[in-house]
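Beneath this line is the structure, given in structure tokens, with notes to follow.
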Amino acid sequence: MSRYKEYADMELKSAKGLMALGLWNKAGKDCVSFCEKRLKDWLEDHHLLAENLERTHNLKSLFKAVPSYDRPLYKSLAAISGYYFETVYPGDNA
């Protein structure tokens with residue numbers, strides 16, 4: 001099993017538990033992290049995970065590395081990519 005898939009599975013399990021507790025910000029952060037790790041898992045599995053992509057948390061950058069990417073999915077990933085910081089730090093969008 002890929003190290004990214006293993007960690008992604010933990011993030012999803014964590015998000016579900018946090019949602020059950022009503023901890024929406026933390027669950028949202030874990031959902032974004034789940035998406036990131038699943039994309040890295042897919043890229044790694046297809047030998048497309050470059051070193052610069054391993055270090056990024058930007059879902060758009062990761063998805064651009066997928067050949068012939070799906071435009072609607074790309075837009076969805078672009079929309080959720082910023083949630084990590086909006087849910088972790090206080091501010092207008094928290």
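Residue numbers start at 1 and run along the sequence shown.
The shortest distance between side-chain heavy atoms of R3 and E44 falls below 4.5 Å. Two residues are said to be in side-chain contact when any heavy atoms from C-beta on lie closer than 4.5 Å; L62 and C35 fail this criterion.
Looking at K29 and S33, their side chains never bring a donor and an acceptor atom within 3.5 Å of each other.
Under the 4.5 Å side-chain heavy-atom criterion for Ile, Leu, Val, Met, Phe, Trp and Tyr, V32 and L43 are members of the same hydrophobic cluster. Connection of F34 to Y4 is not established within any shared hydrophobic cluster, with ILVMFWY side chains joined at heavy-atom distances below 4.5 Å, either directly or through further cluster members. A continuous path of hydrophobic side-chain contacts links L53 to W42 [ILVMFWY only; heavy atoms under 4.5 Å].
Distance NZ/K16 to CG/L12: 4.5 Å, rounded to 0.5 Å. Rounding to the nearest 0.5 angstrom, the gap separating the CG atom in L48 from the NZ atom in K40 is 14.5 Å.
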- request: Take E36 and Y7 through the side chain to side chain donor-acceptor pair (under 3.5 Å) test and state the conclusion after the steps.
  value: CA-CA 10 Å; E36 174 195 332; Y7 277 83; over 6 Å; no
- Task: Go through the steps to decide whether K13 and D9 satisfy the test side-chain contact (heavy atoms from CB on, under 4.5 Å), and finish with yes or no.
- Result: CA-CA 6 Å; K13 187 183 270 189; D9 291 346; over 6 Å; no
| task | Evaluate the criterion salt bridge (charged side-chain N to carboxylate O under 4.0 Å, His left out) for residue pair D30 and K26; output intermediate values, then yes/no. | result | CA-CA 6 Å; D30 283 356; K26 293 206 175 274; over 6 Å; no
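A salt bridge between K37 and D41 is absent, with no side-chain N of the basic residue lying under 4.0 Å from a carboxylate O of the acidic one.
Contact detail for C31 and A15: the closest heavy-atom pair is SG-CB, 3.8 Å.
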